[in-house]
Amino acid sequence: VRYMAHVQNTGDTPWENDGKFIGTKGESLRLEGFAIQLTGKASVDYNIFYACHLQNLGDTQIRSNGDFCGTMGESRRLEGLHVGIEEKN
């Protein structure tokens, strides 16, 4: 799995993997969005899907396989997220 986030006043983080931290610590900057991709053999056999809940907007549509979910530059915090994996048909 690899993942990235969009951080308030900072922009997009690099894509990371192996459980590496993304975001900031001690700076009080909100996450505004994110994306997740499966890598390796898992990406051939499975889809990853996700949605989030955004400040003053509510739930987003379901995104998948590296598509961005959230907002950029709107100063809306990401308040919750749902992630799932399903086998490809």
Side-chain angles (χ1 to χ4, degrees):
V1 173
R2 72 182 204 143
Y3 44 88
M4 59 78 67
H6 184 82
V7 179
Q8 173 189 12
N9 298 333
T10 303
D12 293 346
T13 67
W15 284 91
E16 295 288 357
N17 56 18
D18 298 327
K20 292 180 183 167
F21 179 85
I22 57 173
T24 63
K25 294 181 181 180
E27 296 182 39
S28 299
L29 297 175
R30 64 183 62 132
L31 289 183
E32 296 179 347
F34 68 101
I36 306 171
Q37 288 182 325
L38 294 176
T39 59
K41 185 180 179 213
S43 66
V44 174
D45 298 326
Y46 295 90
N47 287 312
I48 189 161
F49 59 92
Y50 40 89
C52 64
H53 184 87
L54 297 167
Q55 175 187 15
N56 298 326
L57 286 180
D59 296 339
T60 65
Q61 293 181 341
I62 295 173
R63 305 285 189 237
S64 63
N65 302 322
D67 292 335
F68 185 78
C69 183
T71 61
M72 294 181 175
E74 294 183 26
S75 296
R76 295 183 190 276
R77 71 181 165 266
L78 190 151
E79 297 181 329
L81 56 102
H82 172 82
V83 179
I85 298 174
E86 64 184 5
E87 192 169 5
K88 290 181 178 178
N89 295 328

Give, for atom [atom1] of [X] and atom [atom2] of [Y], the distance between the pair rounded to the nearest 0.5 Å.
| X | Y | atom1 | atom2 | value |
| --- | --- | --- | --- | --- |
| H82 | C69 | NE2 | SG | 11.0 Å |
| L81 | I36 | CG | CD1 | 7.0 Å |
| I62 | D67 | CD1 | CG | 12.0 Å |
| L54 | E79 | CG | CD | 7.5 Å |
| T71 | Q55 | OG1 | CD | 9.0 Å |

Hydrophobic cluster membership, with links at side-chain heavy-atom distances under 4.5 Å among I/L/V/M/F/W/Y: are [X] and [Y] in one?
| X | Y | value |
| --- | --- | --- |
| V83 | I22 | yes |
| Y3 | I85 | yes |
| L38 | M4 | no |

Please confirm whether the backbone N or O of [Y] pairs with a side-chain atom of [X], one donor and one acceptor, at under 3.5 Å?
| X | Y | answer |
| --- | --- | --- |
| E32 | S75 | yes |
| T13 | A5 | yes |
| Q37 | G66 | no |
| T60 | G70 | no |
| T10 | Q8 | yes |

Can you list the steps and then say if N17 with V1 is a side chain to side chain contact (heavy atoms under 4.5 Å, CB included)?
CA-CA 6 Å; N17 56 18; V1 173; over 6 Å; no
Atom CG of L57 with >12 non-hydrogen neighbours under 6.0 angstrom:
yes
Above 12 or not: heavy atoms from other molecules or residues under 6.0 Å from NZ of K88?
yes
Side-chain contact, heavy-atom cut-off 4.5 Å: D12 with M72?
yes
Exercise: identify the closest heavy-atom pair between [X] and [Y]:
| X | Y | result |
| --- | --- | --- |
| F34 | Y50 | CE1-CD1, 3.6 Å |
| L78 | G33 | CD1-CA, 3.8 Å |
| R63 | F68 | NE-O, 3.3 Å |

